[in-house]
Amino acid sequence: MQAAPKDIRICFVGESFVNGTGDSEYLGWTGRVCQGLARRDLVVTHYNLGIRGETSAELLLRWQRECDRRLPANCDNRIVFSFGTNDTTIRDGKRRVEIPASLQHTRTILTTAKSNYSVMMISPGATLDPEQNARTQALSHQFAQLCAELDIPYLDVLSPLSQSPVWMAEVAAGDGAHPDSGGYAEYARLIETWDAWNTWFDS
């Protein structure tokens with residue numbers, strides 16, 4: 001008798017890039033990677049918990065309550081975090097969240113999440129502002145080091161997306177930060193060709 005497929009639940013937690021802002025198909029990258037999992041005959045419940053404009057400080061206050069409600073103990077539960085751009089945004093002449101605070105918030109989030117769930121982290125995408133991208137890339141590099149310390153897979157998509165003609169053209173045609181469906185398809189492809197993503201589901 002064939003075993004029933006695993007009931008996989010995934011919460012995608014972050015800000016506007018997780019939300020899929022700008023995508024006229026309303027899938028973003030999270031919907032597309034879950035479509036890819038469905039093509040592998042995996043049974044996935046997909047929760048998009050992206051809120052536009054949020055920083056790590058705001059995510060720290062809400063992520064656990066929202067994920068715990070959606071990830072019952074009898075399921076194969078996973079969380080993908082992706083944030084950082086809003087932390088590095090300049091408002092009233094200063095960063096919304098300084099680097100030490102960003103790292104502390106992220107350490108607390110990831111350490112707590114890993115104690116209960118299987119966890120991954122992915123960087124945000126690139127914007128049209130090179131100075132913003134440089135600040136976010138510097139933070140992403142430190143996120144990568146933190147994730148290595150915590151033994152959590154981390155993927156930098158900001159670097160390749162900043163060199164992607166499709167992503168950057170759609171960002172330029174939009175609001176300067178978010179692409180349309182072609183850009184999010186590029187984002188999803190980077191994740192779907194990531195070894196850690198694929199081995200996460202092989203078992």
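Just the heavy atoms: all of them, side chains too, but no hydrogens, waters or symmetry mates, feed the values below.
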Report the C-alpha separation of Val43 and Lys6 in whole Å, then their side-chain angles, then the decisive distance to 0.1 Å, and conclude whether the side chain to side chain contact (heavy atoms under 4.5 Å, CB included) test is met. CA-CA 7 Å; Val43 178; Lys6 291 190 294 186; over 6 Å; no
Should Trp197 and Leu190 be marked as a side chain to side chain contact (heavy atoms under 4.5 Å, CB included) after you check the CA-CA gap, both sets of side-chain angles, and the distance that decides it? CA-CA 10 Å; Trp197 175 259; Leu190 291 170; over 6 Å; no
Residue pair Thr108, Gln104: steps toward the side-chain hydrogen bond (donor to acceptor under 3.5 Å, both in side chains) verdict: CA-CA 6 Å; Thr108 300; Gln104 184 56 56; 3.3 Å; yes
Please walk me through it: do Leu161 and Tyr187 pass side chain to side chain contact (heavy atoms under 4.5 Å, CB included)? CA-CA 7 Å; Leu161 290 177; Tyr187 202 133; 3.6 Å; yes
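Looking at residues two or more places apart in sequence or on another chain, you find a side chain to side chain contact (heavy atoms under 4.5 Å, CB included) between Gln132 and Thr85, Thr88, Thr89, Thr127, Asp129, Arg135, Thr136. A search for side-chain hydrogen bond (donor to acceptor under 3.5 Å, both in side chains) contacts involving Gln35 returns nothing, not counting sequence neighbours. Glu170 pairs by the side chain to side chain contact (heavy atoms under 4.5 Å, CB included) definition with Val166, Pro179, Asp180, not counting sequence neighbours. Every residue was checked against the salt bridge (charged side-chain N to carboxylate O under 4.0 Å, His left out) condition with Glu98, not counting sequence neighbours, and none meets it. Asp175 meets the side-chain hydrogen bond (donor to acceptor under 3.5 Å, both in side chains) test with His178; sequence neighbours excluded. Residues satisfying the salt bridge (charged side-chain N to carboxylate O under 4.0 Å, His left out) test with Glu186, not counting sequence neighbours, are Arg189. Looking at residues two or more places apart in sequence or on another chain, you find a side-chain hydrogen bond (donor to acceptor under 3.5 Å, both in side chains) between Ser118 and Trp200. Contacts of His46 classified as side chain to side chain contact (heavy atoms under 4.5 Å, CB included), with partners at least two apart in sequence or in another chain: Phe12, Thr30, Cys34, Asn48. In this structure Arg40 satisfies the side-chain hydrogen bond (donor to acceptor under 3.5 Å, both in side chains) test together with Asn198, Asp202, sequence neighbours excluded. For Glu66, the side chain to side chain contact (heavy atoms under 4.5 Å, CB included) criterion is met by Leu49, Arg62, Arg70, not counting sequence neighbours.
Put simply, Leu71 and Phe81 are part of the same group of oily side chains (I, L, V, M, F, W, Y) that touch within less than 4.5 Å, one to the next. Cluster annotation: Leu146 is not connected to Ile122 through the hydrophobic network of ILVMFWY side chains, with a link wherever side-chain heavy atoms come within less than 4.5 Å. There is no path of hydrophobic side-chain contacts, each under 4.5 Å, that joins Met120 to Tyr47. Under the 4.5 Å side-chain heavy-atom criterion for Ile, Leu, Val, Met, Phe, Trp and Tyr, Phe17 and Ile51 are members of distinct hydrophobic clusters. Under the 4.5 Å side-chain contact rule for hydrophobic residues, Leu110 and Val97 do not share a cluster.
Salt-bridge formation is detected for the pair Glu149/Arg107: a Lys NZ or Arg NE/NH1/NH2 atom is positioned less than 4.0 Å from an Asp or Glu carboxylate oxygen.
Listed by first then second residue, pairs satisfying ring-ring contact (aromatic ring centres under 6.0 Å, His included) with a partner in residues 131-156 read Phe83-Phe143, not counting sequence neighbours. A ring-ring contact (aromatic ring centres under 6.0 Å, His included) check over residues 89-127, counting only residues at least two apart or in different chains, returns nothing.
In this structure, Leu128 and Met168 approach most closely via the heavy-atom pair CD1-CE, 4.0 Å. Shown here for Ser16 and Arg52, the closest heavy-atom pair between the two residues is CB-CG, 3.8 Å. When every heavy atom of Val157 is checked against every heavy atom of Ser123, the shortest pair comes out as N-OG, 2.8 Å. Shown here for Pro153 and Val119, the closest heavy-atom pair between the two residues is CD-O, 3.6 Å. The heavy-atom pair separating Ser159 from Gln137 by the smallest distance is OG-OE1, 2.8 Å.
In this structure a side-chain-to-backbone donor-acceptor pair under 3.5 Å is present from Glu58 to Thr55. Asp87 contributes a side-chain N or O that, together with a main-chain N or O of Ser56, makes up a donor-acceptor pair within less than 3.5 Å. Between the side chain of Ser164 and the main chain of Pro160, no donor-acceptor pair closer than 3.5 Å is present. With Thr199 contributing its side chain and Ala196 its backbone, the two residues share a donor-acceptor pair below 3.5 Å. At distances below 3.5 Å, not a single donor-acceptor pair connects side-chain atoms of Ser181 with backbone N or O atoms of Glu25.
Separating the CG atom in Leu158 from the OG atom in Ser140 is a distance of 6.5 Å, to the nearest 0.5 Å. For the atom pair CG of Leu103 and CD1 of Ile99, the computed distance is 7.0 Å after rounding to the nearest 0.5 Å. Taking CD1 of Ile152 as the start and OG1 of Thr106 as the end, the distance is 10.5 Å to the nearest 0.5 Å. Summarising the geometry, atom CH2 belonging to Trp194 is positioned 5.0 Å from atom CG belonging to Leu155; distances are rounded to the nearest 0.5 Å.
Considering only heavy atoms from C-beta on, Asp7 comes within 4.5 Å of Thr45 through its side chain. Inter-residue side-chain proximity for Arg32 and Glu192 is flagged as unmet; no heavy-atom pair is nearer than 4.5 Å. Between Met121 and Leu150, every side-chain heavy-atom pair lies at or beyond the 4.5 Å cut-off. Looking at heavy atoms from C-beta onward, Trp29 lies in side-chain contact with Val80 at the 4.5 angstrom threshold. Looking only at side-chain heavy atoms (C-beta outward), Asp76 and Arg9 stay at 4.5 Å or farther from each other. The closest side-chain heavy-atom distance from Pro72 to Asn77 is below 4.5 Å.
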